[in-house]
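Working notes, structure below.
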Amino acid sequence: MATKKLDLIPLYEWGMFTEPKPSVVAGPCSAESEEQVMETAKGLRELGINVFRAGIWKPRTHPGSFEGAGAEGLRWMQKAKKEYGLKIATEVASEKHVFECLKFGVDLVWLGARTTANPFLVQEIADALKDTDIPVLVKNPVNPDIELWIGALERLSRAGVKKLGVIHRGFTTLEEKKYRNDPQWQIAIEFRRKFPDMPFFVDPSHISGHVDYVREISQRAMDLGFDGLMIESHCSPSEALSDSSQQLTPAQLDDMLNRQLEVRNPDSDSPQWKENIHELRAKIDVIDESILAALSSRMQVSRQIGQYKKENNIAILQTSRWDAVLAKVIEKGRGYGLSEKCITDIFNTIHEESVEAQNQILSDSSSRQK
Ligand code: PEP
Ligand code: MN
């Protein structure tokens with residue numbers, strides 16, 4: 001579907017983020033008590049954070065989990081705003097939440113992944129935001145559906161929201177993976193290509209699901225040239241009532257942001273910026289990962305075929321079949337501007353590996369015939 005250009009106000013004109021990159025929104029997954037909000041906010045203020053996040057209404061996967069402090073939590077955030085001069089941000093999932101936020105002087109709201117996936121809710125929120133000036137960030141939906149994400153942005157844009165940006169928080173997958181939510185960076189890159197002017201945040205906390213990986217995801221976000229990070233930070237992570245394994249202490253966040261993270265070329269006005277070498281290399285890394293994943297899926301299917309051949313006593317190699325495959329990929333490759341030699345070399349190597357895997361299956365006496 002063709003994407004319409006949205007009417008956007010640049011990030012640095014929102015009145016809460018300043019150069020250089022990254023723009024950071026940090027704070028606990030949830031506001032839990034006045035003490036926890038104030039202590040975390042103080043720690044974050046001291047390390048230079050300007051925008052403080054906390055979930056007030058928590059959309060939990062299972063009932064019975066901590067579902068947020070509700071409007072009372074907004075009072076604590078309001079106090080943190082006043083005492084430490086922070087801007088405050090929270091997630092909204094209904095019209096009622098928007099009205100409460102406006103009442104308590106919330107400076108930025110975001111739509112969570114489960115809300116973006118529901119056009120009825122997005123529309124309700126967009127209608128409630130009409131005639132306000134509050135910045136809105138939209139997390140990607142839980143499923144890797146870029147159109148659903150764009151649709152949510154269009155609804156908000158039509159309601160007049162111009163301080164509009166996105167947060168990439170990864171996608172739910174069924175497979176067991178290293179990270180809690182699969183980053184699928186190629187989707188983020190594709191989104192950026194469609195909307196190069198849309199402020200783009202990455203949420204390394206929800207992507208990684210664990211403090212051990214927050215830094216590498218943040219670094220990847222910087223390497224890919226994204227604008228900002230939304231990071232969960234809690235004064236005492238082990239006691240957190242939600243997402244305890246992925247929250248950094250303010251001191252850990254300080255270390256990561258101010259000492260470990262390498263921020264690439266902060267000169268965002270330079271014409272080279274969008275295509276600088278780090279960004280291009282990071283894109284290559286993402287593509288290489290997709291190639292590896294595709295090769296691995298191909299090998300899995302190839303092994304299944306090997307098993308079938310074994311069960312039906314069929315020879316591994318059918319030369320005519322391979323000739324046909326090769327001819328097809330050479331023809332397709334030509335359409336992609338790839339030379340015959342390149343395709344022949346690559347696919348012969350792939351085929352060799354595949355034959356080798358099937359050979360092993362056929363010669364393996366433990367994989368019994370049915
Ligand atoms: C959150 O930011 O605390 C949250 C619930 O995130 P998500 O919507 O990405 O799951
Ligand atoms: Mn969380």
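Treat the numbers as computed from the prediction; the structure is a model and nothing was measured. Just follow the structure's listing: the first ligand is 1, and inside any ligand the first atom is 1.
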Ring centre gap for Phe201 and Phe17 strictly below 6.0 Å: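 When the ring centroids of Phe201 and Phe17 are compared, they turn out to be within the sub-6.0 Å range.
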Who are the side-chain contact (heavy atoms from CB on, under 4.5 Å) partners of Ala69, not counting sequence neighbours?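 Trp76.
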Please enumerate all residues that pass side-chain contact (heavy atoms from CB on, under 4.5 Å) together with Leu156, with sequence neighbours excluded. Leu111, Ala126, Leu129, Val136, Val138, Val161, Leu164
Would you please test Asn348 and Trp322 for side chain to side chain donor-acceptor pair (under 3.5 Å) and show each step? CA-CA 9 Å; Asn348 274 333; Trp322 183 242; 3.1 Å; yes
Tyr213 six-ring centre to Lys178 NZ/CZ under 6.0 Å and within 45° of normal: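 Positive - Lys178 is close enough to the ring of Tyr213 and near enough to its axis.
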Heavy-atom nearest pair, Arg53 first then Cys29, reads NH2-O, 2.9 Å
Give every protein N, O or S atom lying under 2.8 Å from the Mn ion (ligand 2), naming each by residue and atom.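 Under 2.8 Å from the Mn ion (ligand 2) - ignoring waters, which are not counted - the protein N, O or S atoms are Cys29 SG, His206 NE2, Glu232 OE2, Asp243 OD2.
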Parallel under 30°, tilted from 30 to 60°, perpendicular over 60°: which one fits the rings of His168 and Trp185?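 Rings of His168 and Trp185: perpendicular, as their planes differ by over 60°.
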Can you tell me which residues line ligand 1 if we count any heavy atom under 4.0 angstrom from one of its atoms, in chain and number order?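 Those residues closer than 4.0 Å to ligand 1 by some heavy atom are Cys29, Arg53, Lys58, Glu91, Trp110, Gly112, Ala113, Arg114, Lys139, Arg169, His206, Glu232.
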Any heavy-atom pair between the side chains of Tyr84 and Leu44 that's under 4.5 Å?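 Heavy-atom side-chain distance check fails, nothing below 4.5 Å.
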Quick one: are Arg169 and Val142 in side-chain contact, heavy atoms under 4.5 Å? yes
